[in-house]
Every structure is written in C-alpha cells, then in structure tokens.
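Computed from a prediction, not measured in an experiment: that's the story for all the values here.
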Amino acid sequence: MNALLLSYKPPFLSSNAFLAQLKQKYHLKKAGFSGTLDPFAQGSLLVASGAYTKLLRFIPTAPKVYEATLWLGAKSASLDIENMLSIESVPHFSETILRDVLKNLVGSITYTPPSFSAKKVQGKRAYDLARRGETVVLPQESMEVYSIELLCYNHPFVSFRVSVSKGAYIRSLGLLIAEKLGVCGSLSALKRISEGGLCALVGEEIFLQPFDVLPFPVLVLDSSYKHSFYNGVKINLPTTLIQQARYTTPPHCNAQLHKSSIYIVKFDDFFSIIRIESDGNISYLLNRIHYAHTL
C-alpha cells in the first residue's frame with residue numbers, strides 16, 4: 001500500500017518502534033522514514049510506505065527546526081537524559097552571555113557526532129557498540145546552523161530553538177553550547193518542530209499527496225505518451241512540446257525550480273519522475289508509481 005504519512009513520534013520510543021506501531025495500525029508491509037529521531041526526542045517524522053518509500057529522497061526535509069532544553073552541569077554518555085553519569089553545580093549565566101554564545105554558533109560549525117548515534121562504524125550502528133560499552137570514536141563533521149534563539153533560561157536549564165541542515169545532531173550542538181560556557185551539559189528535552197516546512201500534529205497522522213510535497217513541476221502530456229511511460233521507454237520529447245505543454249507547480253516550489261530539468265509526468269493512474277536532457281531525451285528517475293489507495 002502506497003502512503004505518505006506525516007506523524008508525531010512521542011518521547012521515549014525509538015523511531016523504529018514507532019514505525020512498527022504505524023505499520024501494525026495501518027497494515028503496512030514495507031515502510032520507512034525520512035530521518036531518525038532519538039528515542040528520548042519527540043516530534044515530526046515523515047513516514048512512507050510501499051512504492052512511496054522511493055519518494056523520500058526527493059522530498060525536501062531541510063531545514064530542520066528543533067526546540068531543545070540543555071541541562072547545564074548534567075553529564076551523559078549519550079548527551080541526553082537516557083545515559084546520565086553525573087550532575088554538578090554550575091554558575092548562573094546572564095541571558096546576555098547565553099544569547100552571545102548562541103549567536104556565535106550561527107553558520108557552518110564543526111562537531112563530533114555522539115557515540116550514541118545511528119552512524120555506522122565498520123557496518124555496525126554506533127549506538128549498538130556504545131551500549132555494549134565499546135569505545136566509539138566518530139570523525140568530525142560539519143553542520144549548518146541557519147538560526148538559533150534563546151527561548152527561556154531557568155537555571156540550570158537553557159531552552160532554545162534552532163534551524164539546521166539535514167544530518168545535524170542537536171545533542172552535539174548542546175554540548176558545544178555548554179563547552180563555550182565552560183561547563184558540561186546534556187539535553188533534557190528535544191522536539192523536532194518541522195522538516196522542510198512539514199509540521200506534524202501531536203497524536204495525529206496527516207496523509208499527504210506526493211504532488212503537494214515533491215519540489216518538481218508537473219508536466220501534463222498527451223495520453224498517447226502513456227504507453228511509452230508505463231513501459232519505461234526512453235523517448236525524445238521535442239523542445240516545442242516541452243515549452244508548450246501545460247504544467248502546474250505546487251505552492252511550495254519557487255521560481256528557481258521552474259528551471260529544473262526534473263519533472264513529474266502525471267497520467268490517470270500512475271506518475272513518473274523524469275529528467276529531460278538538453279537534447280530532449282528523457283531518463284527515468286522513478287517510473288510507474290501508482291497513486292495511493294485510501295487507508
């Protein structure tokens with residue numbers, strides 16, 4: 001069964017366990033999600049099932065917006081409240097100092113992913129190795145912090161809202177904030193507000209139409225082309241046909257996307273995602289994706 005589902009993962013449940021619940025609830029055989037949420041975290045999780053799992057790589061899920069609470073003085077092996085090691089007293093800080101620290105983190109920053117993460121080390125998940133007590137050393141990476149703001153400071157808890165690039169670790173960002181203050185710290189709460197503008201609602205599942213989230217213009221061709229597209233025939237589309245063809249653009253597509261060489265070709269019972277080369281020849285990025293059934 002094909003479906004795109006914007007869901008809200010509750011805290012203290014792994015993304016895989018939450019996915020298993022959705023699969024059982026909607027009788028889904030094959031399903032996946034756009035980006036893992038830590039077990040202690042909650043918030044938006046984009047889920048796809050059936051052939052729609054192939055659409056996930058095309059759906060914009062950046063920037064990602066989070067709200068987090070950093071517990072100053074809390075030391076944790078996983079940089080969150082699930083693997084606490086110790087808690088120490090730390091000095092109070094003025095909000096001016098906190099805002100300056102956050103401001104200086106905007107831009108491209110280098111960080112070390114936490115050992116308790118979904119990163120792979122020699123084919124094994126880092127968190128599996130860490131849970132067995134093995135030493136995990138992950139290489140440094142970079143993430144883009146687009147914006148960050150202080151929401152509340154109730155010592156020793158610092159709450160902030162941040163917009164980041166795909167693949168960023170907010171737990172590592174929390175550690176960087178604490179280190180710049182000269183103390184240790186771990187996240188006590190984390191909520192993903194949105195992914196690429198997609199925002200889930202607590203306790204609800206929102207079913208999405210692919211044409212509302214895929215960032216490509218919809219190219220409407222004559223039905224005579226249906227047989228060729230259905231069978232994946234590599235054909236040539238004349239430039240005049242492309243220029244004169246009627247197509248619509250989803251509301252979230254900006255003007256720059258009109259220049260894209262990637263299109264959705266839509267027929268009555270299936271659609272394809274294609275790239276049109278400069279000579280008019282097409283290549284199939286995804287072909288013959290049937291529309292979702294009503295769940």
Do the side-chain N and O atoms of D80 and S186 include a donor-acceptor pair separated by under 3.5 angstrom? no
Kindly assign one of parallel, tilted or perpendicular to the pair F207 and Y26, based on the angle between their ring planes and the thresholds 30° and 60°. perpendicular
Is it true that K25 and E205 have a side-chain N and a carboxylate O under 4.0 angstrom from each other? yes
Would you find a donor on one side and an acceptor on the other, under 3.5 Å apart, between the side chain of S76 and the backbone of S78? yes
Between E195 and S34: side-chain donor-acceptor atoms closer than 3.5 Å: yes
How about S108 and S142: does a side-chain donor come under 3.5 Å of a side-chain acceptor? no
How about Y230 and F270: are their ring centroids closer than 6.0 Å? yes
Is the shortest side-chain N to carboxylate O distance from K226 to D269 below 4.0 Å? yes
Using the rule that two of Ile, Leu, Val, Met, Phe, Trp, Tyr join whenever any of their side-chain heavy atoms come within less than 4.5 Å, decide whether I97 and V162 are in one cluster. yes
Counting only N and O atoms by type, is there a donor-acceptor contact under 3.5 Å from the side chain of H155 to the main-chain atoms of V90? yes
Please tell me whether L102 and L72 are part of a single hydrophobic cluster in this structure, the criterion being side-chain heavy atoms less than 4.5 Å apart. yes
Aromatic ring proximity, centroids under 6.0 angstrom, F271 and F211: yes
E204 versus Y8, side-chain donor and acceptor atoms under 3.5 Å: no
For the residue pair N16 and S14, confirm or rule out a side-chain donor-acceptor distance under 3.5 Å. no
